[in-house]
Amino acid sequence: MKTFDAKRVTEEVIQWIRDWFEQNGPGCNAVLGMSGGKDSTVAAALCAKALGKDRVIGVAMPDNGQAINDADRISRYIGIRYCVAPIGAITGAMNNLKLEENDSVVDEWTVQTKQNVPPRVRMVTLYAIAQTNNGRVVNTCNLSEDWIGYATRYGDNAGDFSPLSFLTVTEILQIGRVLGLPLEWVDKVPDDGLPHSSPDEVKLGFTYATLDKYIREGIEPEPATKAKIDRLHRINLFKVKYMDRFDPEIPIVI
């Protein structure tokens, strides 16, 4: 059975963030989307510990019909800089986009397409704020969600550095406790924040605890759940790597 030393890993990830900035942006700010969930809360707190509160900028980016989901309270508690960038006008324009000179190209977006527009708009927004404020964008994805592809490619799975990508949900919860964050935010039931939506685990059909035990300890869930997790992992592997690239052999002519 693998053991997780949350205190040691917390100290190590804080130092890792410091070292990353020394190499990739001395004096730069960390810019991250604040969803009100555990991942952005823990990531913001880690960056504040590593860099200082004045070098962390939290950005809430509600879409039409969405609330900021405690992002303001969390940012004030951690003590970081904070702003709200509503994205509804942009997502609305994208959802109503009509292609001109259209030669049989479908421009009626599918439901999944419409769901993926907001995360990608948010990432564009974060990079605009980061570039204007001498920043580097924090990716807040975790290993559990990445394992099953529960992220939008070039949306919430983008960023300049990622402190949580190799940590499971279970482990991030423990880090949140080490950091002394209020449990109302650390233990908040994860959901996508969409109106009339349901918690992540309801949509997935299994719990993160079950998934994490499978990832870390090889404890297999019941066969149908195992098959679902394995399938999601297999078909979504492309999301966690850079694009496949053709690499030709170019002979050296002497």
Side-chain angles (χ1 to χ4, degrees), residues 1-4 6 9 13 32-43 46 61 63 66 69 109-123 126 137-176 185-244:
M1 178 179 178
K2 293 186 177 181
T3 59
F4 180 70
V9 174
V13 69
L32 76 163
M34 296 297 293
S35 68
K38 66 185 178 313
D39 296 324
S40 60
T41 300
V42 170
L46 289 170
M61 295 169 284
D63 197 1
Q66 282 186 314
N69 199 22
W109 309 143
T110 64
V111 172
Q112 187 174 22
T113 300
K114 290 181 178 180
Q115 290 174 343
N116 284 328
V117 166
R120 291 182 174 130
V121 169
R122 290 190 179 100
M123 194 51 62
L126 284 178
V137 174
V138 187
N139 171 281
T140 61
C141 288
N142 63 61
L143 176 61
S144 305
E145 293 174 344
D146 281 347
W147 191 270
I148 54 174
Y150 199 57
T152 299
R153 189 160 167 83
Y154 301 121
D156 53 326
N157 85 335
D160 294 320
F161 71 103
S162 181
L164 306 180
S165 281
F166 291 115
L167 294 165
T168 66
V169 166
T170 303
E171 292 159 354
I172 290 170
L173 294 178
Q174 294 180 53
I175 289 174
W185 297 326
V186 174
D187 290 340
K188 185 183 292 183
V189 176
D191 63 60
D192 57 19
L194 294 171
H196 313 298
S197 188
S198 56
D200 291 355
E201 293 178 333
V202 173
K203 290 194 289 268
L204 292 172
F206 49 83
T207 67
Y208 283 118
T210 296
L211 175 61
D212 293 350
K213 288 178 181 178
Y214 186 30
I215 294 171
R216 286 298 193 213
E217 302 176 47
I219 299 175
E220 297 184 0
E222 56 91 18
T225 299
K226 178 184 182 301
K228 184 175 185 179
I229 292 172
D230 289 345
R231 176 181 176 276
L232 289 171
H233 180 63
R234 183 178 66 255
I235 66 175
N236 286 295
L237 277 173
F238 75 97
K239 289 186 178 181
V240 291
K241 64 179 182 178
Y242 194 64
M243 72 181 87
D244 291 325

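Computation of the quantities below employed the complete heavy-atom set of this structure, encompassing side-chain atoms and omitting hydrogens, waters and symmetry-equivalent molecules.
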For this session: Keeping to residues at least two apart or across chains, list the salt bridge (charged side-chain N to carboxylate O under 4.0 Å, His left out) pairs with something in residues 233-242.
Result: Lys241-Asp244
Residues in side-chain hydrogen bond (donor to acceptor under 3.5 Å, both in side chains) contact with [X], at least two apart in sequence or another chain:
X	value
Arg216	Glu171
Asp230	Tyr214, Lys226
Ser40	Ser35
Glu222	Thr225

Exercise. Hey, mind stepping through Met61 and Leu126 against side-chain contact (heavy atoms from CB on, under 4.5 Å) and telling me if it holds?
Worked result: CA-CA 9 Å; Met61 295 169 284; Leu126 284 178; 3.7 Å; yes
For this session: Output all residues satisfying ring pair (Phe, Tyr, Trp, His ring centres under 6.0 Å) with Phe161, sequence neighbours left out; order by chain, then residue number.
Result: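 If we apply the ring pair (Phe, Tyr, Trp, His ring centres under 6.0 Å) test to Phe161, skipping adjacent residues, the hits are Trp20, Phe21.
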Determine the minimum heavy-atom distance between [X] and [Y], stating which atoms define it.
X	Y	value
Pro163	Val138	CD-CG1, 3.9 Å
Asn69	Lys188	O-NZ, 3.5 Å
Leu32	Ala43	CD1-CB, 4.0 Å
Leu164	Thr140	CD1-O, 4.1 Å
Leu204	Tyr150	CD2-CD1, 4.2 Å
Asp200	Glu145	OD2-OE2, 4.0 Å

Exam field: side chain [X] to backbone [Y], donor-acceptor pair closer than 3.5 Å:
X	Y	answer
Gln66	Asp63	yes
Arg120	Arg153	yes
His233	Ile148	no

Problem set entry | Any donor-acceptor N or O pair under 3.5 Å, side chains Ser162, Asn139 |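 On atom types as modelled, these side chains qualify, holding a pair under 3.5 Å.
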Any residue meeting side-chain contact (heavy atoms from CB on, under 4.5 Å) with [X], in chain and number order, not counting sequence neighbours:
X	value
Thr210	Thr207, Pro221
Val169	Lys38, Asn142, Ser144, Leu173, Tyr208, Asp212
Ala151	Cys141, Asp146, Asp156, Asn157
Ile235	Arg231

Exercise. Can you list the steps and then say if Thr168 with Trp147 is a side-chain contact (heavy atoms from CB on, under 4.5 Å)?
Worked result: CA-CA 9 Å; Thr168 66; Trp147 191 270; over 6 Å; no
Problem set entry | Greater than 12 external heavy atoms within 6.0 Å of Tyr154's OH | yes
For this session: Determine whether more than 12 heavy atoms belonging to other residues, nucleotides or ligands lie under 6.0 Å from atom NZ of Lys213.
Result: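 No, the 6.0 Å shell around NZ holds no more than 12 heavy atoms from other groups.
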For this session: With sequence neighbours left out, write down each residue that passes salt bridge (Lys or Arg N to Asp or Glu O under 4.0 Å) with Glu201, or none if nothing qualifies.
Result: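 Once residues adjacent in sequence are excluded, Glu201 has no partner under the salt bridge (Lys or Arg N to Asp or Glu O under 4.0 Å) criterion.
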For this session: Applying salt bridge (Lys or Arg N to Asp or Glu O under 4.0 Å), name anything that partners Lys114, two or more places apart in sequence or on another chain.
Result: none
Exercise. Atom CG in Leu143, atom CD1 in Ile172: separation rounded to 0.5 Å?
Worked result: 8.5 Å
For this session: Please assess Thr170 against Phe4 for the test side-chain contact (heavy atoms from CB on, under 4.5 Å), listing each intermediate value before the final yes or no.
Result: CA-CA 10 Å; Thr170 303; Phe4 180 70; over 6 Å; no
